[in-house]
Structure formats: C-alpha cells, structure tokens
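Report on the following structure.
All residue numbers refer to positions in the sequence shown, counting from 1. Heavy-atom basis, side chains included; hydrogens, waters and symmetry copies ignored. In listed order, ligands and their atoms are each counted from 1.
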Amino acid sequence: MMDYVERVLEELKAKNPGEPEFHQAATEILNGLRPVVARHPEYEKAALLERFVEPERVVMFRVPWVDDAGKVHVNKGYRVQFNSAIGPYKGGLRFHPTVTLSVIKFLGLEQILKNSLTGLPIGGGKGGSDFDPKGKSDNEIMRFCQSFMTELCRHIGQDTDVPAGDIGVGGREVGFLFGQYKRIRNEHVGVLTGRGLSYGGSLVRTEATGYGLVYMVEEALACRGDSLVGKTVVVSGSGNVAIYATEKAQQLGAKVVALYDSNGYIYDKNGIQLDVVKQIKEVERARIKVYAERVKGAEYHEGCKGIWSIPCDIALPCATQNEIDGDAARLLVKNGVKYVGEGANMPSTLEAIEVFQKAGVVFLPAKAANAGGVATSALEMAQSSGRMFWTFEEVDAKLKQIMVNIYHNMDNAAKEYGVEGDYVAGANIAGFKKVADAMMAQGIV
Ligand code: NDP
C-alpha cells in the first residue's frame, strides 16, 4: 500500500502534468519529510501535505513591450504566491528564457522552507518571466520591467508579497520595477528588496547569498576541526551568487580556480582574479571567455560540463538548476571533493545528491546554504519599516549568525529524526515543522 508521501506525490504528478522541475523539487522535499509525517498522523487527517504542495495563488499574465526598433514582443509573466502561513510571500523574480510555470513552482516550493529556515517571519513565493535580458539595451530592459510591474503591482504589497531579484534580475531591474510600482501606487514602501542604497536598500544584500553560502561551509568545516584555508574551490556561474561566494571564500583563505557562464568555463590554477571578473561581468556585461584573454596562464573551455572534472576540495554550484548530474557528481567524488554547498537553487539532480551522500561528502542543500539572500532581504524589510539603516558590519554579523543557526538547526533536526548527517532531510524537516505548526493552528485554509 502507498504511504501518505507516495500518495501525495502521485496525485501531484497527475494534477500537474508536464512540470518536471516541480515534480523533482516536491519529490526531494516530501521524501525528506517522511520521519515527521510518521510522527504526526494528524497531518494526514488535515490534508496538510496536499495543501502544502498546492500554491495559495498563481498569477499568470501577458507582458507586452516594444524593442528599440519598434517591434512588439509578448512574454509570459508569473507570480506564484505559494504559502503565507508564517509571513507575507517572499521570493525572487527570474528573467530567463527557460522560465516556465514548472520552474517558478519548484522555486516557490523550495522558498517556503528556505524562508522558514532563516527563522524570520516570511512566507514563500516566486515569480518571473521567459524574457531574456541578454543583449537588450537599458531602455528595452526598462520598458519590459515597466510592463511587467504594471500588472504585478496589483498583486504585491509590503505586507502581502515582497519580490526580489534572481537570475537576470539585479540592481538595475529592481530599480526599474520599483520606479514603476511607486509611480502607479503612489507609495514609497519596501515592496521589493534588493533596492539601491539611495532608495531603501540594505548594505550586504548584494553580497548576501554568496557570503552566506561560504559562512555555512565555514561552519561545517569548523565543526569538523577544519577551515577554508588552503582549500581548492570550484564555483560555477559568474553572476551575483558566484562572484560573492568567490570573494568570501578568497577572504577566508581558499583558492577558487574556476567559474563559468552559460557558454563555457575558465580555469586559473593560480586562483581567480576577482577584480577582472567583476569588471567583465558587472561593468561590461561581457562573456567570461574574456577573462582568459586578459589573464596570463588562465584557460577557457567551451561548454560548461567540463568544470566538474577539475579536482577540488569544495564545489559550490552557483548558476542554475540541475547543473550537476550523476556523472558530474561521480567525477567530483573520484577527484576528492569533500564538501558541496549549493548556492544555486536545485543545482544537483536527485541522482547527484545520492552519489554525494553515499560517498560521505558533506552536502549542504540549497534551501539552507543559499538562504543568506532572502534572510538579508528580510533584514532590508525590517530596516525599511523602521526607517533606519544598519552598517555593513551590523548586517554582515547578523547574516553570519543566521547562517550558523541554520546549519545547526538542520543538523539538530537530522539528529532528532534519526538521519544524522543527512542535511537534505534535516533542512526539509527544520523548515517544514514551523510552517506545519502555523498551518495546523490556522485551520483548513
Ligand atoms: P545571475 O543572473 O546573477 O547569474 C547567473 C549565472 O548563472 C550567470 O553566470 C549565468 O550565465 C549562469 N547560468 C544561468 N543559466 C545557466 C545555464 N543554463 N547553464 C549555465 N550557466 C547558466 O543569477 P544569480 O547569481 O542571482 O542566481 C544564481 C542561482 O542562485 C540561481 O539558481 C538563483 O535562483 C540562486 N539564488 C540567487 C539568490 C540571489 O540573491 N541572487 C538567492 C538564492 C538563490 P549567463 O550569463 O551566460 O546566462
């Protein structure tokens, strides 16, 4: 006979056909929740899991915009307001051609538990568009953002739903989105996080996800009597998360030797020169390939996969979902990887996670390891509503403490439920318990 978790997963797949990323995330999460569900038979009576995997609201809309040549384009816009049991919906916006409802739902589901893990009062949501910002002019980006926000502004609010950035949505896009929200609603409030410092943003928000990831890896190492000093690290991606994970890892004494973008990877055995990467990616918005043209001794390889063949102690996937499959994981293990910290959301396939865990690799799952971004967003919300600003050092210290707390919460949850060292289960359980308690207390809603 099917157990409760299997039954909910079967129903989810039948009700949501053609949504492979959502199925994958739900499978990973619900399988990890088995020990909790077994201890709480009242959850099944209250159809708690069925409600947990069904978004409270899904908004889908048309985003028409005009390019510089006068041609009209139409993109799809999404906002999935997944769960508000513990606070207003909170989660980023992703602009990337691979965005579908399935991708936004997988991200939204993960976000519920991630936000709960931070210990702060924020619910889970996610949104985005299949718009591709690559190669667009600033004016095209602005017109797209304005069109997107013209619809989205009806559904969000500082106490309802507070979006932020994600892939393809950085400071420039958040600025355009905020400007349009303010213009239509006539209110200067903390409705988006990741804002510029001159209009309500928080120090450390830009660095937060990457720094937070490395703070968690540092704590995992410290608990084993080790440190980042002298460790070789491979980081994938070269966007916001990858750049600031590299920066913090270098500050703490590690050597980061590789990065990539969606065209190919760079390998610099002497250690990546981050100022060169920042110039290429943040200022020129050019391809990572340029690094090898500028830095003597660095190599560029077309295609991304090869990055996982570089021997390293620590791998930090920081680009996108499913970038490490079973083969890549086996290669990393064969070459001696000891720690994997997920900066991106769901960068490891289910098979890859199994390979890491069987090999005894310390595997820090995304919903815990990359929670520093949303945690700092919540700190931005607190500063906004209190009309105050904390210093870089104050925010950074709070971020570090949050990451250390998350590590120990998931470690303790794994121990309490008899799966010691399994941080996938530990993170799911620790995040879920608080949401489940709130949902049970609030009745059948
Ligand atoms: P950015 O847009 O700043 O950077 C994304 C990077 O990943 C770019 O280097 C991009 O390369 C690369 N990339 C994207 N898609 C692919 C692909 N299919 N194959 C190979 N490389 C790819 O995004 P972020 O750094 O903000 O986000 C990265 C990950 O971290 C995402 O999974 C996001 O959900 C997650 N995350 C981000 C947070 C944040 O605060 N920003 C918070 C928590 C999680 P290219 O330029 O060629 O497209």
Side-chain angles (χ1 to χ4, degrees), residues 21 25 90-99 103-104 106-108 110-111 113-115 117-118 124 126-128 131-135 163-174 192-194 201-202 204-213 216 235-247 258-266 277-278 280-282 284-291 302-308 316-325 328 341-348 365-380 399 403:
E21 295 86 359
K90 179 95 199 80
L93 298 171
R94 176 177 293 191
F95 292 169
H96 195 271
T98 56
V99 164
V103 167
I104 299 297
F106 114 64
L107 290 165
E110 288 273 312
Q111 195 81 43
L113 300 181
K114 180 186 311 191
N115 293 2
L117 274 172
T118 65
K126 198 84 190 186
F131 172 73
D132 186 359
K134 232 176 262 155
D166 190 77
I167 293 179
V169 180
R172 175 182 57 168
E173 292 74 18
V174 169
L192 285 160
T193 54
S202 172
V204 195
R205 178 59 190 91
T206 304
E207 296 86 353
T209 308
Y211 276 23
L213 168 67
M216 181 171 287
V235 179
S236 65
S238 50
N240 172 268
V241 181
I243 285 177
Y244 292 97
T246 300
E247 182 165 287
L259 288 172
Y260 69 45
D261 63 20
S262 56
N263 293 110
Y265 71 93
I266 50 166
V277 175
K278 283 186 178 177
I280 295 168
K281 285 291 167 186
E282 294 184 338
E284 298 169 26
R285 296 183 191 269
R287 308 310 297 160
I288 199 70
K289 181 183 190 167
V290 175
Y291 181 92
E302 203 60 39
C304 297
K305 279 270 170 261
I307 201 171
W308 308 119
L316 303 177
C318 294
T320 194
Q321 62 268 16
N322 294 327
E323 45 179 327
I324 301 185
D325 59 14
E342 294 191 316
N345 281 309
M346 207 167 76
S348 315
K367 69 176 67 68
N370 72 22
V374 73
T376 308
S377 277
L379 299 178
E380 181 177 329
L399 167 65
M403 297 313 294

So if I apply the side-chain hydrogen bond (donor to acceptor under 3.5 Å, both in side chains) rule between Asn345 and each of Lys114, Gln111, Glu21, which one comes out positive? Lys114
Side chains of Glu323 and Trp308: closer than 4.5 Å at any heavy-atom pair? yes
Contact residues of ligand 1 (heavy atom under 4.0 Å), by chain and number: Arg94, His96, Lys134, Asp166, Ile167, Gly168, Arg205, Thr209, Gly237, Ser238, Gly239, Asn240, Val241, Tyr260, Asp261, Ser262, Arg287, Cys304, Cys318, Ala319, Thr320, Gly343, Ala344, Asn345, Asn370
Dump the intermediate steps for side chain to side chain contact (heavy atoms under 4.5 Å, CB included) on Lys305 and Asp325, then the final yes or no. CA-CA 10 Å; Lys305 279 270 170 261; Asp325 59 14; 3.7 Å; yes
Side chains of Asn370 and Glu342: closer than 4.5 Å at any heavy-atom pair? no
Tell me which one of Glu247, Glu284, Glu207 satisfies salt bridge (Lys or Arg N to Asp or Glu O under 4.0 Å) with Lys278. Glu247
Could you state the interatomic distance from CZ (Phe106) to CD (Gln321), rounded to the nearest 0.5 Å? 4.5 Å
